[in-house]
Amino acid sequence: MAFQGTLVIDTEKCKGCGVCVETCPNKVIALSKKVNKKGYNYLEMVKEEACIGCANCAVICPDGVIEVYRAKY
Amino acid sequence: MAKELKLMKGNEAIAESAIRAGVDGYFGYPITPQSEVLEHLMIENPVEKTGMVVLQAESETASINMVYAGAACGKKVMTSSSSPGISLMQEGLSYIAGAELPAVVVNVVRGGPGLGTIQPSQADYFQTTKGGGHGDYRLITLAPASVQEMYDFVQLAFDLAFKYRNPAIILSDGMIGQVMEKVVIDDYKPRWTDEYIAKTFPWAAVGKPASRNHNIITSLELDSAKQEQININIQKKYKVCEEKEVRYEMINCEDAEYLFVAYGSSARICQKTIELARAEGIKVGLFRPITLWPFPSKQLKEAAKNVKGILSVEMNAGQMIEDVKLATECRVKAEHFGRYGGMIPDPNEILVALKKQIM
Amino acid sequence: MTREEIIKPENLVYRRTPVLTDNIMHYCPGCGHGTIHRLIAEVIEEMGIQDKTIGISPVGCSVLAYNYFDVDFVEAAHGRAPACGTAIKRLNPDKYVFTYQGDGDLAAIGTAETIHACNRGENITMIFVNNAIYGMTGGQMAPTTLLGMKTATCPYGRTVEANGYPLKITELIAQLPGTYYVTRQAVFTPAHVRKCKKAIRQAFENQNLKKGVSFVEVVSNCNSNWKMTATKANQWLEENMLPFYPLGDLKTPEK
């Protein structure tokens with residue numbers, strides 16, 4: 001059994017601090033080169049297929065902008 | 001039940017009244033000459049009678065902040081202290097006024113400045129009636145002149161504090177606090193229930209039910225336009241208070257050619273001076289402000305129309321005299337006579353002052 | 001599996017707790033306050049005590065905490081939160097009462113209130129966020145600033161001669177019989193966050209026992225005033241703060 005995960009990121013509330021990026025075991029996430037309305041380089045998924053839904057990123061996020069889903073397959 | 005009569009100290013009357021008025025909490029710190037308030041509360045142990053919480057705090061600063069937080073929950077809470085302790089409470093008083101919370105504070109004034117003395121004084125008039133702490137605010141100030149009034153003004157102060165959501169202060173002094181007189185006391189009133197508080201004070205921080213937004217008790221507003229509006233609303237409230245809540249007493253004023261203006265202990269002493277003066281044929285009366293803020297300005301102006309002069313008798317170096325002059329617009333001669341640093345004026349020396357300064 | 005197939009209610013493993021409001025927090029990017037707020041809010045949600053909780057915010061960066069928690073809140077004067085918590089809990093013994101304070105508020109201006117609330121054994125939860133600096137006022141020295149650490153008011157580094165020693169107030173209050181549970185946690189890695197949440201949950205549950213103060217220090221960062229990126233600040237925290245402020249329980253009911 002394995003897990004496939006994915007994230008719903010509230011990019012407008014993301015402040016681009018990047019502390020989540022380092023917690024990802026599979027380097028799924030990175031800060032975008034684009035900015036949100038506040039001017040922050042928001043978080044995006046760059047390797048979505050590698051996400052296992054561990055929620056490390058959401059657990060460390062100071063602004064609670066990450067929602068995590070995980071399905072078994 | 002017939003009203004009960006009890007012989008008690010002014011400070012004890014404050015404590016007894018608090019228990020019987022259904023006060024929820026008292027937080028205080030010992031200081032002479034008002035320690036009997038806390039002592040009497042501890043002896044009576046009201047938690048067993050009414051559920052009232054009494055706590056000796058680590059300082060006056062902590063006491064007033066306990067009062068702030070208790071008031072934030074819609075509870076009837078109070079503290080008492082004497083001058084140096086009240087100075088420490090100015091931070092909390094400003095926050096209570098800023099957050100528009102009801103609370104009662106008793107100041108049994110002693111002579112200052114600094115550590116000063118433990119004897120009676122009225123030197124905290126400015127501090128009390130002009131605000132005391134930082135920012136534009138006022139304290140509703142009641143000045144008792146008897147032990148009965150010490151008792152009665154606790155309930156009155158809570159009524160006014162809740163009506164205007166503003167701290168009310170009972171400005172007493174070491175004489176009224178320590179003297180023993182007979183007092184008519186009431187039956188025990190039950191404390192407000194939590195349901196009553198939640199229903200009656202929708203602003204109170206009592207725990208957020210799903211049916212309403214969360215309540216925030218704060219005096220902070222970083223947007224200065226909004227902060228100005230908060231100030232404007234507070235000032236409007238004060239205008240209403242000035243219109244409706246002035247209290248005063250006039251004694252022997254019907255035929256008076258001269259007027260004493262005095263509050264609290266000084267007013268008691270002036271009544272003796274009036275006897276002495278009238279025995280000599282000097283027609284003098286007493287105008288006693290009971291609310292020092294709001295000050296009975298209109299009423300004093302009216303009373304001053306028919307007199308030749310006013311002597312403001314105070315146990316300080318001249319504080320209320322400024323409000324007397326403002327009220328009478330300096331249309332009549334008004335002078336100050338005072339003893340201070342804990343000294344109490346003698347009725348005879350007040351009469352001498354009247355003759356020398358006013359007649 | 002497609003993204004659409006995964007994003008279904010039954011597959012949800014983490015979402016922002018509704019005990020936090022929708023307001024965007026004013027904290028700097030990467031600041032630990034946001035994480036700590038979220039943990040408290042999650043504990044309140046999981047315990048089902050939103051309607052019974054009264055929070056007390058301090059003066060300092062977290063002065064506006066009341067905007068972010070969807071619970072009734074009282075904003076205290078600087079350092080006075082433990083006095084406020086004392087009164088609220090004594091007048092409302094059935095409510096859950098927590099204070100939230102920074103190092104300047106709890107360990108400098110409010111030291112007396114902190115120690116006496118702890119010593120009286122008030123049945124409240126105290127959350128203490130220690131980032132060794134005054135954040136809101138612009139990075140001045142805190143009672144917990146490390147020796148040698150540079151701040152706006154010790155620009156050449158804190159020295160014993162000029163400024164005395166960093167104050168380990170948590171060790172100090174752990175000595176008091178009025179404290180029931182005293183612990184030091186951090187939130188700079190997911191593992192630490194998960195552990196910290198357990199500690200906060202414990203600290204809230206302890207209020208039911210009425211055995212005294214439950215005190216949770218959270219060693220946190222201040223990347224803006226430490227003048228580092230958020231990730232660098234977390235690394236600096238691990239290398240510099242934790243040797244002086246070691247993590248773990250200082251007092252547990254069992255010991």
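Labels below follow one simple rule: chain letters A, B, ... track the order of the sequence lines, proteins then strands, and each chain is numbered from 1. All values derive from a computational prediction rather than experimental measurement. Side chains are part of it too, since the values below use all heavy atoms of this structure and drop only hydrogens, waters and symmetry mates.
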**OP:** Could you tell me which portion of C:V187 (side chain, backbone, both or neither) has an atom closer than 4.5 angstrom to a non-hydrogen atom of chain A?
**Re:** backbone

**OP:** Indicate yes or no: does A:D63 engage A:K15 in a salt bridge with an N to O separation below 4.0 Å.
**Re:** yes

Original post:
Would you call C:M141 and C:R158 a side-chain contact if the rule is heavy atoms closer than 4.5 Å?
Top reply: yes

Original post:
By side-chain contact (heavy atoms from CB on, under 4.5 Å), which residues pair with A:T11, not counting sequence neighbours?
Top reply: A:I9, A:Y42

Original post:
Checking C:D22 against chain A: side chain, backbone, both or neither under 4.5 Å from a heavy atom?
Top reply: both

**OP:** Please flag which part of A:C57 lies under 4.5 Å from any non-hydrogen atom of chain C: side chain, backbone, both or neither.
**Re:** neither

Original post:
Could you go step by step and tell me if C:E42 and C:K197 meet the salt bridge (Lys or Arg N to Asp or Glu O under 4.0 Å) rule?
Top reply: CA-CA 8 Å; C:E42 285 173 5; C:K197 183 172 164 183; 3.0 Å; yes

Original post:
Would you say C:T114's side chain and C:L106's backbone share a donor-acceptor pair under 3.5 angstrom?
Top reply: yes

Original post:
Looking at C:T35, C:I24, C:N223, which makes the most heavy-atom pairs under 4.5 Å with chain A?
Top reply: C:T35

**OP:** List the steps and the verdict of ring pair (Phe, Tyr, Trp, His ring centres under 6.0 Å) for C:Y100 and C:Y66.
**Re:** CA-CA 10 Å; C:Y100 188 105; C:Y66 53 72; over 10 Å; no

**OP:** May I ask you to name which of A:N56, A:V19, A:V8 has the most heavy-atom pairs under 4.5 Å with chain C?
**Re:** A:N56

Original post:
Do you know which of C:Y68, C:Y27, C:Y14 has the most heavy-atom pairs with chain A at a distance under 4.5 angstrom?
Top reply: C:Y14

Subject >> Contact winner vs chain C - A:K72, A:K38, A:R70, A:E67, heavy-atom pairs under 4.5 Å >> reply: A:R70

**OP:** Could you tell me whether the side chains of C:E238 and C:N234 share a donor-acceptor contact shorter than 3.5 Å?
**Re:** no

Subject >> Between C:I7, C:L39, C:T189, C:I36, the one whose heavy-atom pairs under 4.5 Å with chain A are most numerous >> reply: C:I7

**OP:** May I ask you to decide whether C:R3 forms a salt bridge with A:E48, counting only side-chain N to carboxylate O separations under 4.0 Å?
**Re:** yes

Original post:
Between C:V193, C:T17, C:N11, which shows the greatest number of heavy-atom pairs under 4.5 Å with chain A?
Top reply: C:N11

**OP:** Indicate whether any N or O donor in one side chain lies under 3.5 Å from an N or O acceptor in the other, for C:Q202 and C:S214.
**Re:** no

Subject >> Members of residues 20-36 of chain A whose heavy atoms come closer than 4.5 Å to chain C >> reply: A:E22, A:T23

Original post:
C:H192, C:M25, C:E5, C:R38: which one forms the most heavy-atom pairs within less than 4.5 Å of chain A?
Top reply: C:R38

Subject >> Aromatic ring pairing C:F204/C:Y96, orientation class (parallel under 30°, perpendicular over 60°, tilted between) >> reply: parallel

Original post:
What heavy-atom pair brings C:A233 and C:N221 nearest, and what distance separates the two atoms?
Top reply: CB-CB, 4.2 Å

Original post:
Does a side chain donor of either C:T153 or C:Q140 reach within less than 3.5 Å of an acceptor in the other side chain?
Top reply: no

Subject >> Which portion of C:F188 sits near chain A, non-hydrogen atoms under 4.5 angstrom >> reply: backbone

Subject >> Top of C:H33, C:H37, C:K8, C:E10 for chain A proximity - count of heavy-atom pairs under 4.5 angstrom >> reply: C:K8

